[in-house]
Amino acid sequence: MSVRVRYAPSPTGSPHVGNVRTALFDYLLARRFGGQFIIRLEDTDRTRFIEGCEEEILESLRYIGITWDEGPDVGGPNAPYRQSERKEAGLYEPVIKQLLESGHAYYAFETSEELTEMREFQQINKQPTGYFGGNWRDAAPEKVAAAQAEGKPGVIRLRMPRDQRLVIQDAVRGRVEIDGSTQDDPVLIKADGMPTYHFAAMVDDHLMGITHVIRGEEWISSAPKHVWLYEVLGWEQPMWVHVPVINGKDGKKLSKRHGDTRCLDYRDAGYVPGALANFIALIGWAPGDDRELMSMEEMSSLFSVESLNGSPGIFDPDKLIWMNGHYLRAMDAATLRQMVLDYAKRPSTHAYWNEREEGAAMLAGLKLLVDAEAAGDPRLDAALRLEQERVTTLAEFGPACAFFFAPQPELDEKAVEKWFGEAHVAPLFANLDQWLSEQGENPTQAEIEAFLKAQVDVLGVGKLGPIVHPTRVAMTGRTYGPGLWELMEVLGRDRMRERIAHAQTQLR
RNA sequence: GCCCCGGUGGUCUAGCGGUUAGGACGCCUCCCUUUCAAGGAGGAAAUCGCGGGUUCGAAUCCCGUCCGGGGUACCA
């Protein structure tokens with residue numbers, strides 16, 4: 001039988017990297033075995049529904065490069081793919097009816113006040129809390145009928161077995177056994193008629209032919225309920241795959257304190273899809289050998305649920321940065337240009353940086369790149385290429401390349417202090433300007449190199465440093481960056497002369 | 001409280017009875033070099049949570065214990 005997996009988020013908040021990683025594992029498993037990957041929205045809780053969430057969930061998946069075979073946006077043979085719609089379609093009714101008739105489910109009419117009271121009593125008396133029978137598990141049929149006739153709002157609960165052990169076959173944890181007596185009776189259908197996760201997810205998984213249920217480890221405690229449901233319904237169990245959470249640096253749940261938590265924040269911060277996907281896959285999964293840098297294709301050819309790690313992982317931003325840099329460096333010129341420009345133009349990029357300290361510099365630099373493209377500036381590709389290996393995110397291309405396109409780069413105060421004081425600098429700039437003025441065309445890298453190297457002897461400074469450093473500051477405003485000759489060639493004769501003129505006013 | 005899950009350098013991990021406990025990020029040193037990166041070569045860093053067993057031999061198997069996390073909702 002072919003593998004069918006599903007990602008079943010609830011539209012109650014922005015997906016974070018942990019959620020997306022679960023979806024990634026689903027995707028990789030489906031790809032590995034030529035199966036299908038399905039997306040289904042678990043929107044049965046109307047009180048927690050957040051508008052726009054569904055689109056953000058899908059967008060997050062698209063961002064890291066996941067595609068799906070069936071889902072709310074693309075439809076499919078198991079439509080609809082939203083539980084609220086499935087409820088409307090009456091998909092849960094026959095199942096709950098079957099459960100009621102076989103006695104595996106029953107009506108219960110406690111009010112929420114009564115339930116709270118019950119729980120408090122249990123706590124005070126140090127008993128396990130939960131619905132272990134209440135007034136309705138074993139109520140006489142007449143009593144139930146009377147309550148219904150009265151029009152009392154009620155729920156339908158699953159009758160859990162108290163006298164047996166329930167076993168979960170989990171791909172990452174092996175066999176997990178839990179005593180049935182520890183399991184209370186979960187609500188299957190709420191008073192408002194909506195199914196709960198415990199019910200709807202199982203019915204849908206079965207109806208959709210799901211073979212592997214990959215979900216967060218927070219579900220492992222209630223897995224016995226799900227296993228039991230499958231059992232009394234006579235359905236074949238899926239393979240359970242409970243994956244651990246991703247925590248922040250302090251080992252605590254990922255939150256704003258750890259930096260970005262929304263998956264799309266990473267896109268907006270300038271991380272490329274391949275890098276993020278590669279990185280999060282490695283939290284909790286390893287192919288078994290020492291491979292770390294892998295494309296989606298490579299990962300999907302190596303993935304298996306058995307090789308998943310059961311312990312929680314910590315999100316290490318430093319490693320992500322390194323990996324992103326690697327992906328950036330591996331890009332060809334055309335792809336890089338496209339990526340940077342798309343990034344620079346995307347509205348969400350601006351929204352992201354507008355909220356942050358360093359945002360202004362990023363956006364200002366990025367704008368210069370967009371302008372350069374619009375103006376058909378031929379230096380764009382060269383500038384990107386020169387900064388490609390010293391930048392770690394798409395955003396950094398902005399400030400890194402700014403000096404190429406800004407009319408006049410802002411000279412770093414410290415750099416000026418350090419390099420514009422020596423006696424040879426004035427003649428150096430004068431000579432350079434003179435030489436440039438004699439060039440009919442933009443000088444080439446080699447010509448620039450030859451000229452500048454000759455200045456070592458002309459000015460008698462003995463080594464290249466005293467020539468290169470002041471010139472670099474004059475050209476870029478900074479003490480670091482691409483090779484001087486290369487960058488000067490890209491700048492071109494006229495621009496270089498403008499910068500020298502400006503630098504000459506700053507001599508110390 | 002009760003029930004589960006987890007525990008290998010700071011971090012991500014390999015390991016599945018015999019290894020000098022391997023790799024990666026980060027950190028340090030050196031090389032390359034006009035700077036910064038990138039790249040290359042080294043290095044520091046893990047008594048495998050702890051304590052008992054089993055075994056000739058344990059990170060690997062068993063028991064206990066501690067710590068962390070999750071669940072204990074008409075939320076998912």
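When reading the values below, keep in mind they use all heavy atoms of this one structure, side chains included, and skip hydrogens, waters and symmetry mates. Naming: A, B, ... by sequence-line order, numbering from 1 per chain.
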Could you check which of [options] has an atom nearest any side-chain atom of [X]?
| X | options | value |
| --- | --- | --- |
| A/Ala286 | B/U13, B/U34, B/G39 | B/U13 |
| A/His469 | B/U34, B/G22, B/C5 | B/U34 |
| A/Tyr480 | B/C36, B/C3, B/C25 | B/C36 |
| A/Arg329 | B/A38, B/U34, B/A76 | B/A38 |
| A/Thr44 | B/U72, B/G26, B/A76 | B/A76 |
| A/Asp316 | B/G10, B/A37, B/U34 | B/G10 |
| A/Leu282 | B/A76, B/G6, B/C12 | B/C12 |
| A/Ile178 | B/G1, B/C3, B/C74 | B/C3 |
| A/Val176 | B/U35, B/C5, B/A76 | B/C5 |
| A/Lys319 | B/A24, B/C4, B/U13 | B/A24 |

Give me the one residue out of A/Asn278, A/Thr392, A/Thr393 that meets side-chain contact (heavy atoms from CB on, under 4.5 Å) with A/Asn324. A/Thr393

Classify [X] by what it touches in the nucleic acid, base, sugar-phosphate, or nothing, heavy-atom distance under 4.0 Å.
| X | answer |
| --- | --- |
| A/Glu292 | base |
| A/Val187 | sugar-phosphate |
| A/Gly310 | sugar-phosphate |
| A/Lys253 | sugar-phosphate |
| A/Ile314 | sugar-phosphate |
| A/Gly288 | sugar-phosphate |
| A/Pro482 | base |
| A/Ser311 | sugar-phosphate |
| A/Val391 | nothing |
| A/Glu486 | base |
| A/Gly251 | nothing |
| A/Ser221 | base |
| A/Pro128 | base |
| A/Gly284 | sugar-phosphate |

Any strand: nucleotide that pairs with B/G7 via Watson-Crick or wobble, under 3.5 Å: B/C66

In the structure shown, which nucleotide is the Watson-Crick or G-U wobble counterpart of B/C36, with both distances under 3.5 Å? none

Side chains of A/Asp250 and A/His258: any donor to acceptor distance under 3.5 Å?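 The criterion, which ignores hydrogens and geometry beyond distance, is satisfied for A/Asp250 and A/His258.
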
Enter the distance from [X]:[atom1] to [Y]:[atom2] here, rounded to the nearest 0.5 Å.
| X | Y | atom1 | atom2 | value |
| --- | --- | --- | --- | --- |
| A/Leu41 | A/Asp204 | CG | CG | 11.5 Å |
| A/Thr129 | A/Leu115 | OG1 | CG | 11.5 Å |
| A/Ile220 | A/Trp240 | CD1 | CH2 | 11.0 Å |

Nearest-Å distance once atom [atom1] is located in both [N] and [M]:
| N | M | atom1 | result |
| --- | --- | --- | --- |
| B/C74 | B/G64 | P | 34 Å |
| B/G42 | B/G23 | P | 11 Å |
| B/C48 | B/A37 | C1' | 36 Å |
| B/G49 | B/U60 | C1' | 16 Å |
| B/A73 | B/G15 | P | 38 Å |
| B/C12 | B/A45 | C1' | 16 Å |
| B/G51 | B/U8 | P | 16 Å |
| B/C28 | B/G9 | C1' | 15 Å |

With respect to the phosphate group of [N], does any side-chain polar atom (N or O) of [X] fall under 4.0 Å of OP1 or OP2?
| X | N | answer |
| --- | --- | --- |
| A/Lys190 | B/C75 | yes |
| A/Asn309 | B/A14 | yes |
| A/Lys463 | B/U35 | no |
| A/Thr196 | B/A76 | no |
| A/Arg119 | B/A73 | yes |
| A/Arg173 | B/C4 | no |

Please determine whether salt bridge (charged side-chain N to carboxylate O under 4.0 Å, His left out) holds for the pair A/Arg508 and A/Glu413, giving the CA-CA distance in whole Å, both sets of side-chain angles, and the decisive distance to 0.1 Å. CA-CA 12 Å; A/Arg508 297 296 141 108; A/Glu413 198 49 46; 3.6 Å; yes

What's the verdict on salt bridge (charged side-chain N to carboxylate O under 4.0 Å, His left out) for A/Glu93 and A/Lys97, showing C-alpha distance, side-chain angles and the deciding distance? CA-CA 6 Å; A/Glu93 275 162 37; A/Lys97 200 162 162 245; over 6 Å; no

Do A/Trp485 side-chain and B/U34 base share a donor-acceptor contact under 3.5 Å?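 Check passes, donor-acceptor contact within cut-off.
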
Output field: ring centroids A/Phe303/A/Trp285 closer than 6.0 Å: yes

Take atom [atom1] of [X] and atom [atom2] of [N], then tell me their distance rounded to the nearest Å.
| X | N | atom1 | atom2 | value |
| --- | --- | --- | --- | --- |
| A/Ile220 | B/G6 | CD1 | C1' | 10 Å |
| A/Leu484 | B/A37 | CG | C1' | 15 Å |
| A/Met323 | B/G23 | CE | P | 17 Å |
| A/Lys225 | B/C75 | NZ | C1' | 14 Å |
| A/Phe49 | B/A76 | CZ | C1' | 14 Å |

Would you indicate whether the side-chain heavy atoms of A/Ser10 and A/Tyr197 approach each other to under 4.5 Å?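 SC-SC contact between A/Tyr197 and A/Ser10 ruled out.
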
5' precedence on RNA chain B between A/Arg175 and A/Tyr197 (nearest-nucleotide basis): A/Arg175

Which comes earlier along RNA chain B counting from the 5' end, the contact point of A/Ser222 or that of A/Arg165, where each point is its nearest nucleotide?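 Whichever sits nearer the 5' end wins; that is A/Arg165.
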
Among A/Phe279, A/Trp322, A/Tyr266, A/Tyr327, which residue meets the ring pair (Phe, Tyr, Trp, His ring centres under 6.0 Å) test with A/Tyr271?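 Checked A/Phe279, A/Trp322, A/Tyr266, A/Tyr327 against A/Tyr271; only one passes ring pair (Phe, Tyr, Trp, His ring centres under 6.0 Å): A/Tyr266.
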
